[in-house]
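All heavy atoms count here, side chains included; hydrogens, waters and symmetry mates do not.
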Protein chains: 2
Amino acid sequence: MDRISADLQRELASCAHALADAARPETLRHFRAPGLESGNKDAGGFDPVTEGDRQAEAAMRRVLAELRPDDAILGEEYGHAPGTTGLTWVLDPIDGTRAYLAGAPTWGVLIAVADARGPLFGIVDQPYIGERFSGGFGAALCDGPHGQRALKARAPRPLSEAILFTTFPEVGTTADRAGFEAVSRQVRLTRYGMDCYAYALVALGQADLVIEAGLNAYDIQGPMAVIEAAGGIVTDWTGGPAHDGGRVIAAANPEIHAAALAILAGHAG
Amino acid sequence: MDRISADLQRELASCAHALADAARPETLRHFRAPGLESGNKDAGGFDPVTEGDRQAEAAMRRVLAELRPDDAILGEEYGHAPGTTGLTWVLDPIDGTRAYLAGAPTWGVLIAVADARGPLFGIVDQPYIGERFSGGFGAALCDGPHGQRALKARAPRPLSEAILFTTFPEVGTTADRAGFEAVSRQVRLTRYGMDCYAYALVALGQADLVIEAGLNAYDIQGPMAVIEAAGGIVTDWTGGPAHDGGRVIAAANPEIHAAALAILAGHAG
């Protein structure tokens, strides 16, 4: 799709918010629910994370069947459903399973609507905090417990003053980790364990970089749309497209993106 | 003080909540404020974190001057003020400076009222989420965006099924880290970067262990009171008192505390 009318833009953005609204109660039903997690120990016991994932994605698919039945869907839990419009809804009902299991409010519901070139509009929603980051079609917003604010990624600063987020040391190969650590040695502060919330912090202008590896399309398209709408950049470790996942770097501005990419280049093979 | 009357218990708990209420707007004024953090780069520019710290602690000291003028105070920013009652208010206006700087809502305001043997009542407050964990005098509660619930630490489970939180690899000596890593190798899941919020997750029954080192009294007394009120245990790495800080282990129950302590014993010298 080369051109998307203003009407269609409004319809798609509205649909994305409807998806996030539908996912919230499904994810919250299982989050921190007493006794649920211990069910994991029983053979045949049900897995609350997968259950939360499935119910949230199913709720979003019901909304799409109503509002945008001809678009394709790519979801973590129920795979790919073809469409006829050239648009695909890319859904990760719970990104940050480890955080969700541990009760930490850094997981999120990731939603994007994409064409073949990548995401056009995306949402990172944190249901427990009640905080939603959205971006695309000329807007970038955070709606949270203290009101609404515009998202704007940070101005350039040297790597030596930068804040880097990652899910390493938890994920990635040894080679992936070497690349991340080479950048980590140059920055002022490296923070761990924030899951998709780290991307929201780049869009908020609070952090400079997120570097990860082993991502799927549904892990990155929602955050990518939000960060790009806030003025940031998301690519793979060679500067190429990142919307299919893999090794991903999200940066607040072109300058710090280039500085980090120069270091990662030695590890991008 | 050997006995604290029910009236005094209510007065102290009420005062602790008044302190947390007073600190909230002071910490939120600087959190994610645009342009503030860049002030750090200027020689003579002001440091927003220290400023947030100072204003929050000053606000709490004003409340104490009004409500409990004869108690002692130990605060991170303004040090020790003597008292005559045998009670000390132990205050950390912003625990988790790195998280605060990076915009991540895992920092907290820590408050405890203690006698010589340790904290009697404590609070871990997360102003951005609007979530308050409190414990002592027979109650343990979480008041958050989705209502109130009782805090109850988890029932015993093997280390191999446990969730461990820490601020390592960011803090601690090489020897400290070796102790933490010896336990980390035995657990199901290790999570990083949660700051004081990790202790709240133990009290919530979401996590089993927090292992840290290099703590001050004001880093641990608030969380300690909350976890103990929820049925958990907080000691140093040898099983001794932890209210003066140092190397600290917080555990959901005596069984997993003993299992982790047995591993840490080889690193507690």
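- Atoms CE and OH, from A:Met194 and B:Tyr192 in turn, are 14.0 Å apart once rounded to the nearest 0.5 Å.
- Of the atoms belonging to B:Ala200, not a single heavy atom falls under 4.5 Å from chain A.
- Ranked by non-hydrogen atom pairs under 4.5 Å with chain B, the options A:Tyr128, A:Tyr197, A:Phe165 are led by A:Tyr128.
- Of all the listed residues (A:Gly103, A:Ala102, A:Ala99), the one sharing the greatest number of non-hydrogen pairs under 4.5 Å with chain B is A:Ala102.
- If you tally non-hydrogen atom pairs under 4.5 Å between each of B:Leu28, B:Ile129, B:Asp208 and chain A, the highest count goes to B:Ile129.
- Between B:Gln206 and A:Leu101, the shortest heavy-atom contact is OE1-O, 3.5 Å.
- Interface check for chain A: of the options B:Gln126, B:Arg32, B:His146, the most heavy-atom pairs under 4.5 Å are formed by B:Arg32.
- Rounded to the nearest 0.5 Å, atoms CZ (B:Arg98) and CD1 (A:Ile163) are 11.0 Å apart.
- Note on A:Ala207, A:Gly144, A:Ala104, A:Gly130: by heavy-atom pairs under 4.5 Å with chain B, the leading option is A:Ala104.
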